[in-house]
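Working notes, structure below.
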Amino acid sequence: MSAFSHERQGQKKNIPMPSHLEHIKSESRLLRGTIAEGLADPVTGAIAESDTKLLKFHGSYMQDDRDIRDERRRQKLEPAYAFMLRARLPGGVMTPAQWLAFDALASNYASSGLRITTRQTFQWHGILKKNLKASIAAINAAAASTIAACGDVNRNVICNTNPIESEAHEAAYAWAARLSEHLKPKTRAYHEFWLDGEKLVGEEAANEQEPLYGPTYLPRKFKIGIAIPPLNDIDVYAQDLALIAIIENGELVGFNAGIGGGMGATHGDPATYPRLADIIGFVRPENLIALAETVIGVQRDWGDRDERKHARLKYTVDTYGLDVMKAEIEKRLGFALEPARAFHFDHNGDRYGWVQGHAGRWHLTLQVESGRLLDTEAHTWLSGMRELAHIHTGDIRLTCNQNLIIANVAAEDRDAIDALVARHGMDGYRKNSGIRQHSIACVALPTCGLAMAESERYLPQLLSRLEVSLDRHGLLDAPILLRMSGCPNGCSRPYLAEIALVGRAPGRYDLRLGADFQGQRLNQAYRENVDEAVILEVLDGLFGRYASERTAGEYFGDFLLRVGVLSEPRKIPLKVNA
């Protein structure tokens with residue numbers, strides 16, 4: 001019997017058939033498919049198309065170098081296939097020893113150094129098929145993992161970047177780690193393929209189960225994030241399950257819980273859209289895992305498995321309505337959520353430089369443009385961090401804004417770390433403009449198969465040109481949140497930026513404006529499908545107005561709404577359940 005119900009099999013009139021990917025998952029034997037056979041095939045650098053869908057659950061995407069795709073086609077060669085690998089690293093926290101292991105992986109197998117993602121983890125590009133198993137095994141040997149870093153499951157659980165600023169912060173991070181471990185898939189396929197684990201056979205194989213996800217897992221990816229007010233550095237409202245830590249009298253008493261956030265959209269399809277999570281109540285720590293399991297269970301059962309563009313939790317919420325979703329969650333929990341507690345956010349960016357935490361320890365946040373860690377003439381990130389990891393006695397943390405923190409530093413070690421950072425050119429945060437300090441870009445070309453335009457490679461050029469305009473208007477130090485995405489899927493969370501460029505085609509973008517600086521308001525489309533000349537002209541005019549008309553302390557996005565450049569945002573109407 002298929003994993004799908006009779007209705008899901010289309011045995012009722014007008015009931016759509018499940019998408020092709022749902023059948024791939026159902027028939028995969030819990031994420032096995034023919035991955036093992038594809039890895040062993042020396043004739044091609046690729047694996048079967050159906051297996052690429054399953055490989056995501058193991059933490060990897062098959063890609064090719066799009067810069068040379070046409071040339072290889074003319075030479076009658078297959079694309080230059082390679083694999084991107086992503087770690088599951090809850091809260092972005094690692095030891096110096098783990099850093100060195102991840103660095104070695106980048107040097108031995110990857111093509112472009114280390115990349116910090118917008119979900120507080122690393123990804124490596126350019127790994128050849130023959131090296132994929134050794135790469136995953138190296139990550140596991142470093143006491144980390146890649147399982148569930150991608151795929152239709154709960155992905156890397158993110159958390160406020162400074163979880164030991166207080167004991168309550170430390171407790172919040174501990175819950176992020178617990179959620180990550182508890183919600184990972186239980187299939188033994190991962191250990192069989194990558195860690196030479198014993199294969200299940202016979203009755204044991206027949207009885208293997210996924211107790212939470214089931215044989216077809218979730219309709220789409222699922223994201224959980226924990227923010228600790230007043231900092232919203234993880235953009236908590238962009239999460240499927242948004243958890244806002246409530247700290248009272250220095251103690252973590254629980255979490256405000258929100259559902260239905262998500263950034264992805266499709267150009268020209270109004271049925272797809274970015275959405276902010278809605279707060280549905282307060283949950284005490286001892287009930288947090290039950291809540292997470294329940295929300296995932298509702299999405300598993302109610303999410304759209306026919307149309308993947310409509311399969312995220314945000315569309316499930318809008319299809320059934322928030323009240324119906326909340327009632328179902330509480331019914332399955334067996335208790336009602338408490339009313340949400342009061343909180344406020346100050347901003348959603350990173351705080352650069354030194355910050356003192358509890359127990360007399362210090363934390364240094366460094367800016368890493370677009371999260372790219374490479375050795376260049378301007379800065380030697382890989383060498384510098386390698387040197388630091390050999391002497392650092394604390395830990396290292398990644399941020400959702402693609403930066404990193406040298407954490408848990410003794411006061412007497414600060415001068416030595418500052419000297420090392422300066423020597424390797426890693427102190428850009430001291431001199432970068434306000435807009436450069438608050439910029440994010442996704443990877444896009446040449447590796448991302450979804451990219452329609454440049455992002456990471458174009459951002460430095462664009463920033464330099466915007467800085468000329470900002471300097472002319474006396475705004476070079478003004479904090480302005482800029483995000484760039486090569487496509488509308490929104491990995492860089494562009495819809496929460498005061499200025500966003502969303503790729504349409506090579507050299508052309510949608511210009512979006514007007515989010516706030518706290519991550520609590522979506523921006524709006526201002527110009528569609530425009531080139532750099534139009535973008536620079538439009539922004540120069542707006543910068544001029546901002547310089548002369550802003551009020552004290554007013555952020556750029558708020559200014560655009562106040563003076564009427566943008567209309568007041570309207571709430572996205574609920575979709576009617578057909």
Side-chain angles (χ1 to χ4, degrees), residues 89-103 114 116 120-122 142-144 157-178 180 225-234 245-253 285 345-368 371 373 381 384-424 426-430 437:
L89 202 66
V93 179
M94 75 201 80
T95 66
Q98 287 177 309
W99 181 284
L100 291 172
F102 299 153
D103 172 65
L114 284 167
I116 304 173
Q120 279 187 313
T121 188
F122 281 130
V157 180
I158 59 177
C159 185
N160 175 272
T161 52
N162 218 350
I164 58 169
E165 183 175 309
S166 69
E167 292 181 1
H169 286 61
E170 192 170 4
Y173 163 67
W175 279 108
R178 285 188 62 182
S180 175
I226 299 177
I228 306 175
L231 301 179
N232 186 21
D233 54 357
I234 69 159
I246 303 300
I247 298 173
E248 296 177 357
N249 300 316
E251 178 185 357
L252 176 67
V253 296
F345 287 126
D346 289 338
H347 65 86
N348 63 341
D350 290 339
R351 299 170 296 172
Y352 296 110
W354 288 102
V355 175
Q356 187 173 22
H358 73 107
R361 310 297 282 184
W362 289 82
H363 316 285
L364 173 62
T365 302
L366 304 175
Q367 183 187 5
V368 184
L373 295 160
W381 279 105
M385 287 303 299
R386 195 177 303 136
E387 182 180 339
L388 185 141
H390 280 296
I391 64 171
H392 182 39
T393 59
D395 50 58
I396 301 168
R397 303 164 191 268
L398 309 180
T399 85
C400 290
N401 296 303
Q402 300 178 302
N403 300 312
L404 64 86
I405 299 174
I406 313 304
N408 257 327
V409 177
E412 60 269 21
D413 294 334
R414 285 181 50 183
D415 289 345
I417 288 179
D418 276 335
L420 186 154
V421 166
R423 186 165 66 252
H424 287 277
M426 302 189 301
D427 56 350
Y429 74 92
R430 295 183 182 274
Q437 288 186 352

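Values below: every heavy atom of this structure, side chains too, minus hydrogens, waters and symmetry copies. Only a predicted model underlies this, so the values are computations on that prediction, with no experimental measurement involved. Residue numbers start at 1 and run along the sequence shown.
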Using modelled atom types only, decide if a donor and an acceptor are shared between the side chain of [X] and the backbone of [Y] within a distance under 3.5 Å.
X: Q367; Y: Y352; answer: no
X: H363; Y: V409; answer: no
X: H392; Y: A407; answer: yes

Taking all atoms of both residues into account, what is the closest heavy-atom pair of [X] and [Y], and its distance?
X: L398; Y: L404; answer: CD2-CB, 4.2 Å
X: I228; Y: H169; answer: CG2-NE2, 3.5 Å
X: L388; Y: I417; answer: CD1-CG2, 4.1 Å
X: I226; Y: A172; answer: CD1-O, 3.7 Å
X: V93; Y: R397; answer: CG2-NH1, 3.3 Å
X: T121; Y: L89; answer: OG1-CB, 3.6 Å

Next item on the list: Measure the spacing between CG of D395 and CZ of R361 and express it to the nearest 0.5 Å.
Entry: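 It comes to 9.5 Å.
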Item checked: Spatial distance of atom CD (Q120) from atom CD1 (I234) [nearest 0.5 Å] ->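 Here the rounded value is 7.5 Å.
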Note to self: Can you tell me if E248 has over 12 outside heavy atoms packed within less than 6.0 Å of its CD?
What the structure shows: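 It does: E248 CD has more than 12 such atoms within range.
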Next item on the list: Tell me, yes or no, whether the heavy-atom count around R386 atom CZ, taken from other residues, nucleotides or ligands under 6.0 Å, exceeds 12.
Entry: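 Yes, enclosed.
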Notebook entry, point to check: Is any NZ, NE, NH1 or NH2 atom of the basic residue among R430 and D418 found under 4.0 Å from an Asp or Glu carboxylate oxygen of the other?
Noted result: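 Result for this pair is yes, salt bridge flagged.
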Got [X] and [Y] here, is their nearest side-chain heavy-atom distance under 4.5 Å?
X: V368; Y: Q402; value: no
X: Y429; Y: D350; value: no
X: H347; Y: L231; value: yes
X: T161; Y: R351; value: no
X: M385; Y: L114; value: no

Checklist line | Plane angle bin for F122 and W99 - parallel if under 30°, tilted between 30 and 60°, otherwise perpendicular | finding: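 Taking F122 first and then W99, their aromatic rings stand perpendicular (interplane angle over 60°).
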Item checked: Test log, rule side-chain contact (heavy atoms from CB on, under 4.5 Å), inputs L420 and E387 -> CA-CA 8 Å; L420 186 154; E387 182 180 339; 3.6 Å; yes
Checklist line | Partner of T365 by side chain to side chain contact (heavy atoms under 4.5 Å, CB included), out of I405, N162, D233, V355 | finding: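 That would be I405.
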